[in-house]
Amino acid sequence: MSANIAEMERRREAAQMGGGQKRIDAQHAKGKLTARERLEVLLDEDSFEEVDTYVEHDCTDFGMQDQKIPGDGVVTGSGTINGRLVFVFSQDFTVFGGSLSKRHAEKICKVMDMALKVGAPVIGINDSGGARIQEGVASLGGYAEVFQRNVLASGVVPQISLIMGPCAGGAVYSPAMTDFIFMVKDSSYMFVTGPEVVKTVTNEVVTQEELGGAVTHTTKTSVADLAFENDIETLLATRDFFDFMPLSNRLEVPERPTADAWDREETSLDTLIPDSAYQPYDMHEVLAKVLDEGDFFEIQPARW
Ligand code: HXC
């Protein structure tokens, strides 16, 4: 019995440590939080209920049978944001670059299924090199299952993707199907494959930023909705944004008490919009004066 408990404790500790201290330090050195630290910032204190902590991959090719880490590169479960339920997955770049194995995909699918069943949003924290190369077609099949759930959940529960590292392949195709995408400047990227592969295949030299950085995707392609300075800013903004959303298509938008009287008069609105259609004015000012307490969360402000 005590041997079983000791084994359980070993696995719990291994799941907490992901790819090990050296890789955690490397993650921090890049200004990035770990998968678990991100969930701590995103969710209400002590609200996270983890599932599938001890799941491991079942690949036996390329010596993978000797490289198993409990959790298999993704932390999944549910929690609350300002008291409201949300399902989450957070990919761990320290474990095989956060790449998606069949089992890793099954973990994500399980929380997506639960979210659809109870009618609550899904927030995916993506920090992944895409399909796990060692697993070949098994990992591609895993992505097919995730994509199908992205489609089934579309219009039913909100899906938000936070891109918080170099994301390639399926780790980009799935977020692209979700409702909102937030990125982190200078540490997150969305591309079909990385610059090294692009150079090998096409001989083209391109930087990660040009290929799919936060500025590229919020100004030129409009793939992403917002870009933030760092992980913490991104996660805290997501908490604010979450407050504006209904939990599912079966519920109304949340109502919050406000001290802003419904009949507040804004006489400045009489003159704020110029008589001449050729004279510019600041729409932000109009919104700030019209909305309750000027509370406005802007999407795609940097788009050209
Ligand atoms: C297995 C991977 C991996 C992957 C990264 N790693 N991506 N392992 N499968 N897809 C591992 C690396 O080998 C390395 O392991 C560790 O993660 C960190 O990666 P680095 O390359 O050292 O980090 P970095 O320089 O920051 O570059 C990150 C990266 C790059 C840009 C994501 O790793 C990259 O280009 N990876 C390949 C991306 C790719 O082509 N993915 C497409 C998969 S196909 P060690 O042990 O050295 O620390 C796909 C199609 C889906 O997703 C279609 C579905 C139908």
Side-chain angles (χ1 to χ4, degrees), residues 17-35 56-69 71-74 89-106 108-109 112 124-151 161-178 183-214 216-217 223 231:
M17 291 305 290
Q21 195 59 50
K22 220 172 117 192
R23 286 194 170 91
I24 292 174
D25 292 344
Q27 180 89 345
H28 287 156
K30 288 179 207 152
K32 295 163 66 184
L33 298 177
T34 64
E56 294 176 342
H57 70 74
D58 59 0
C59 178
T60 52
D61 294 323
F62 306 105
M64 287 296 278
Q65 66 279 4
D66 302 323
Q67 301 179 58
K68 295 196 177 198
I69 294 172
D72 203 27
V74 64
F89 66 87
S90 182
Q91 292 178 313
D92 184 350
F93 192 77
T94 70
V95 179
F96 306 115
S99 59
L100 181 137
S101 67
K102 184 176 73 143
R103 288 276 165 82
H104 177 130
E106 283 168 2
I108 293 176
C109 289
M112 292 181 82
I125 300 179
N126 299 268
D127 192 353
S128 164
R132 191 171 299 164
I133 305 295
Q134 295 89 334
E135 289 204 11
V137 77
S139 58
L140 300 185
Y143 263 126
E145 294 293 333
V146 176
F147 298 166
Q148 184 178 24
R149 282 162 180 79
N150 287 135
V151 173
S161 296
L162 309 184
I163 310 295
M164 305 192 79
C167 291
V172 167
Y173 313 153
S174 167
M177 282 191 276
T178 62
M183 295 183 74
V184 188
K185 287 181 197 161
D186 301 322
S187 65
S188 83
Y189 308 93
M190 296 180 78
F191 33 60
V192 174
T193 189
E196 292 303 321
V197 182
V198 170
K199 183 160 182 282
T200 307
V201 177
T202 68
N203 213 23
E204 186 184 343
V205 177
V206 62
T207 64
Q208 295 207 53
E209 184 56 46
E210 289 162 346
L211 197 54
T216 301
H217 282 317
V223 165
D231 280 19

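Remember, it's 1-based here, ligands and their atoms both numbered in the order they're listed. The structure presented is a predicted model; accordingly, all values stated were derived computationally and were not measured. Numbers here are sequence positions counted from 1.
- For atom 15 (O) of ligand 1, the nearest protein heavy atom is 4.0 Å or more away.
- Of the protein's non-hydrogen atoms, Ser99 CB, 4.0 Å is the one closest to atom 3 (C) of ligand 1.
- For atom 23 (O) of ligand 1, the nearest protein heavy atom lies under 4.0 Å away.
- For atom 40 (O) of ligand 1, the closest heavy atom belonging to the protein is Thr193 OG1, 2.7 Å.
- Counting only heavy atoms from C-beta outward, the side chains of Asn150 and Met112 approach each other to under 4.5 Å.
- When distances from atom 49 (C) of ligand 1 to the protein are checked, a heavy atom turns up under 4.0 Å.
- Taking atom 51 (C) of ligand 1 as the reference point, the nearest protein heavy-atom neighbour is Gly170 N, 3.6 Å.
- For Gln134, every heavy-atom contact with ligand 1 shorter than 4.0 Å involves the side chain, none the backbone.
- Below 4.0 Å from some heavy atom of Ala168 lie the following atoms of ligand 1, by number and element: 38 (C), 39 (C), 41 (N).
- Less than 4.0 angstrom separates some heavy atom of Gly194 from each of these atoms of ligand 1: 35 (O).
- Using a 4.5 Å heavy-atom threshold, the side chains of Arg132 and Asp72 count as touching.
- Without hydrogens or angle criteria, Thr216 side chain to Glu209 main chain gives a donor-acceptor distance under 3.5 Å.
- Salt-bridge formation is not detected for the pair Lys30/Asp127: no Lys NZ or Arg NE/NH1/NH2 atom is positioned less than 4.0 Å from an Asp or Glu carboxylate oxygen.
- Atom 54 (C) of ligand 1 lies below 4.0 Å from at least one non-hydrogen atom of the protein.
- From the protein, the heavy atom lying nearest to atom 9 (N) of ligand 1 is Ile133 N, 3.1 Å.
- For the pair Phe191 and ligand 1, the shortest N or O to N or O distance does not fall below 3.5 Å.
- Geometrically, ligand 1 and Arg132 share no nitrogen or oxygen pair separated by less than 3.5 Å.
- Side chains of Thr34 and Asp92 form no contact here, defined as non-hydrogen atoms less than 4.5 Å apart.
- Taking distance alone, with nitrogen or oxygen atoms compared against 3.5 Å, Ala131 approaches ligand 1 more closely than that limit.
- Side-chain contact check for Phe96 versus Met64: some heavy-atom pair is nearer than 4.5 Å.
- Ligand 1 places these atoms under 4.0 Å from at least one heavy atom of Gly130: 52 (O).
- Within the 4.5 Å cutoff, no side-chain heavy atoms of Lys32 are placed close to those of Met164.
- At the top of the distance list for atom 29 (C) of ligand 1, counting protein heavy atoms only, stands Pro166 CB, 4.3 Å.
- Leu211 has its side chain out of reach of Tyr189: every pair of non-hydrogen atoms, C-beta onward, lies at least 4.5 Å apart.
- For the pair Thr207 and Pro195, the minimum side-chain heavy-atom distance is 4.5 Å or more.
- Side-chain contact check for Ile108 versus Gln91: some heavy-atom pair is nearer than 4.5 Å.
- Inside a 4.0 Å radius of atom 46 (O) of ligand 1 there is at least one protein heavy atom.
- Between the side chain of Ser139 and the main chain of Gly136, a donor-acceptor pair closer than 3.5 Å is present.
- Salt-bridge annotation for Glu196 and Lys199: absent, with no side-chain N of the basic residue lying under 4.0 Å from a carboxylate O of the acidic one.
- In terms of N/O distances under 3.5 Å, ligand 1 is approached by Arg23.
- Counting protein heavy atoms under 4.0 angstrom from atom 27 (O) of ligand 1 gives zero.
- Closest to atom 8 (N) of ligand 1, if we only count protein heavy atoms, is Phe96 O, 3.6 Å.
- The shortest N or O to N or O distance between Gly97 and ligand 1 is below 3.5 Å.
- Regarding atom 41 (N) of ligand 1, its nearest protein heavy-atom neighbour is Gly129 O, 2.8 Å.
- When atom types are taken as modelled, the side chain of Gln27 and the backbone of Thr94 share no donor-acceptor pair closer than 3.5 angstrom.
- Among protein heavy atoms, the minimum distance from atom 20 (P) of ligand 1 is reached at Phe93 CZ, 4.6 Å.
- Of the possible donor and acceptor atoms, none in the side chain of Lys102 sits under 3.5 Å from a partner among the backbone N and O of His57.
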